[in-house]
2 protein chains.
Amino acid sequence: MSAAKQVYIAVIGAGGVGKCFLSQLQALAARKPSPKLNLAYIATSRKALFNDDYSAIDIGSAVDSLAGSSKSPLALSQVVDYLAAAPAKAVLVDNTSSQDVAELYPLALSRGISIVTPNKKAFSGSYKLWQDIFSAAASSGAKVYHESSVGAGLPVISTLKDLVETGDKVTKVEGVFSGTMSFLFNSFAPTEGQGGKWSAEVKNAKALGYTEPDPRDDLNGLDVARKLTILARLAGLPVESPTSFPVQSLIPKELESVASGDEFLEKLPAFDQQLEDIKAEAEKEGKVVRFVGSIDVATKSVKVGLEKFDRSHPIAALKGSDNIISFYTERYGSNPLIIQGAGAGGEVTAMGVTGDLIKVVSQIA
Amino acid sequence: MSAAKQVYIAVIGAGGVGKCFLSQLQALAARKPSPKLNLAYIATSRKALFNDDYSAIDIGSAVDSLAGSSKSPLALSQVVDYLAAAPAKAVLVDNTSSQDVAELYPLALSRGISIVTPNKKAFSGSYKLWQDIFSAAASSGAKVYHESSVGAGLPVISTLKDLVETGDKVTKVEGVFSGTMSFLFNSFAPTEGQGGKWSAEVKNAKALGYTEPDPRDDLNGLDVARKLTILARLAGLPVESPTSFPVQSLIPKELESVASGDEFLEKLPAFDQQLEDIKAEAEKEGKVVRFVGSIDVATKSVKVGLEKFDRSHPIAALKGSDNIISFYTERYGSNPLIIQGAGAGGEVTAMGVTGDLIKVVSQIA
């Protein structure tokens, strides 16, 4: 291995995850002398930093320099041109949740640029985009890693890929895939004690920063549906889109079109009885209700919504905003392989991205 | 990528894990055309198969051909010479639990041969051997992967490595690391119901194939101590050996030197009261007893033995012969990252080996 070996890194996005990633990248670049990780481009939707000669941007001061930069971001196709012309292999780290950036992956991959991202959009959009991405990667040899697209830094994608690639037969995947939903139901229907009113728990979750600015963006179930789409495809099911299977929304019909998240929260108490009834029904059976996603590979059925679980079930016993993912496979038999822990948050999401980058660099450099 | 690209594979060991691995390798080789996986050497302690010109051994019939082979295995240093002279990169898959093969890793790695193995010996023996292995790998660029040395195919080693490499601070690792111990205590001190006498549970576990031929090889705690040694070293503690920290043996002193496993089982009932007392003490606190290993990174303390857990604790709630491993880290905070599932068995152990081989091949080919 030559000491001069370099890998060029472009980073799009410098929000919560992006900032945590840069701090992890800085530590990594300082620790691993070979190959040298050369930050060659960094951009938000409004500004960019890069040098025409690909000379390295200082990672530690990149966020500050970016804020003071007078350069506009390159058009996405120009970012690809810029990276494809770099003096060595390049990786595009997409720390956005942008559909536009996601649409760019097939082009980038076809030109030999590897992709590392927590962005769910590319892998949970149309099946055509999924196929374009993986066929571009297969023909160019560029890599595409997206561990943090499901369960943040938890080893969910890598474990499912290992199971499939080593020839195990995954029969079922089941779990709690949303930190918000986990927190809401662990509080609303705890295994011990009573829990508050549904609308009060949603308000509380928002106040604690566990929901999107408009909680309906969590309660519509689409985030979980996107994650299930990704896992189902990795398990071999050609799922067409995250709206092509049953997804239960927890937004009362009457509140779907109110103007704002605040108005939604204000009017939500009038609908508390709906979830109260579901909770009471579960309690009658000695169970608790949880918002889960499941994939049955044999029957090709994917669904997202409320389910009842025994109080001693690992899904019922979850704490805080943890995720849990159970893989039922032929080799593991009746007791699934289970992965559990925080599935959201800047640091753990960035950890999945950094871990992926390490794996990609070890293969391309 | 050239279609002619090959990786040469040598396999030592064709027992339970070895046979499962060969069947997984056969499926893998059939599915992944590039790089071509070329089985160039396979041996047990008594026989071997190989061709001087490195031409491929048919994987599907390798076990049968090996049984009928008249060739003796090469001396271990000759295996290294043979692989180092192969026309392309080579991987040595050590499916034994042999200390002799483990001692060979530094030489093999220094000559550019990558290692993939479930063999705990190399990573849990002397700290000197550990250092020699990883410094040989670092200077030659050859890879060494050993996922199945802890928790079989569960993603334990890879997750700990990801945490450390991405800059998280692991504060504590705790878990049930032995399928045998898991099965014994889940039966002896269940969270619900009574459980049988200790000696009866040990006999039953042996009858079901959950113990070594002599159950003392499980009950002495050394297997768990070896796994803890590996994880502690990966977490940054320079643990000298698996006997350099407290390990509680469940073999009554008086039975340590009886001649056979059968005699041990015959005499064990006389000592049932010892574990009965420990179980009763835990019950008084509303807890159950489990055989666990733990690593406290800050205090550099590693220990293996009996601990009491609340009935609702994930370690208490374990089922069958499952393993559970909890990683407490700075990023994950108070709720650990947990991995759970079968931690023993030919197919899942081989899966860890095959998964490692895929990762190594993607980096060296």
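Letters A, B, ... are given to chains in the order of the sequence lines, protein chains preceding strands, and every chain is numbered from 1. Keep in mind that this is a model prediction, so the values were computed, not measured.
Note on B/Leu357, B/Val353, B/Asn335, B/Ile339: by heavy-atom pairs under 4.5 Å with chain A, the leading option is B/Asn335. Contacts with chain B were tallied for A/Gly352, A/Ala342, A/Ala365; A/Ala342 has the most, counting heavy-atom pairs under 4.5 Å. Of all the listed residues (A/Ser362, A/Ser23, A/Gly333, A/Gly345), the one sharing the greatest number of non-hydrogen pairs under 4.5 Å with chain B is A/Ser362.
A 4.5 Å side-chain heavy-atom check between B/Glu165 and A/Met351 finds every atom pair outside the cut-off. Here the side chains of A/Tyr145 and A/Gln363 are in contact, with some heavy-atom distance below 4.5 Å. Counting heavy atoms from C-beta outward, B/Leu160 and B/Val150 have side chains that stay 4.5 Å or more apart. Side-chain contact check for B/Thr354 versus B/Phe21: some heavy-atom pair is nearer than 4.5 Å. At a threshold of 4.5 Å between non-hydrogen side-chain atoms, the residues A/Cys20 and A/Thr349 do not count as touching.
With no hydrogens or angles considered, no side-chain donor-acceptor pair links B/Thr166 and B/Asp162 at under 3.5 Å.
Within the 4.5 angstrom heavy-atom criterion, atoms from both the backbone and the side chain of B/Leu163 approach chain A. In this structure, the portion of B/Lys359 lying under 4.5 Å from any heavy atom of chain A is its side chain and not its backbone. Proximity to chain A is absent for every atom of B/Ala317, based on heavy atoms less than 4.5 angstrom apart.
Taking all atoms of both residues into account, the shortest heavy-atom contact from A/Glu147 to A/Ser158 is OE1-OG, 2.8 Å.
Looking at A/Arg290, its side chain does come within 3.5 Å of a backbone N or O of A/Ala189 through a donor-acceptor pair. Put simply, the side chain of B/Thr117 never gets that close to the backbone of B/His146: no donor and acceptor are under 3.5 Å apart.
Of residues 320-329 of chain B, those residues lying under 4.5 Å from chain A by any heavy-atom pair are B/Gly320, B/Asp322.
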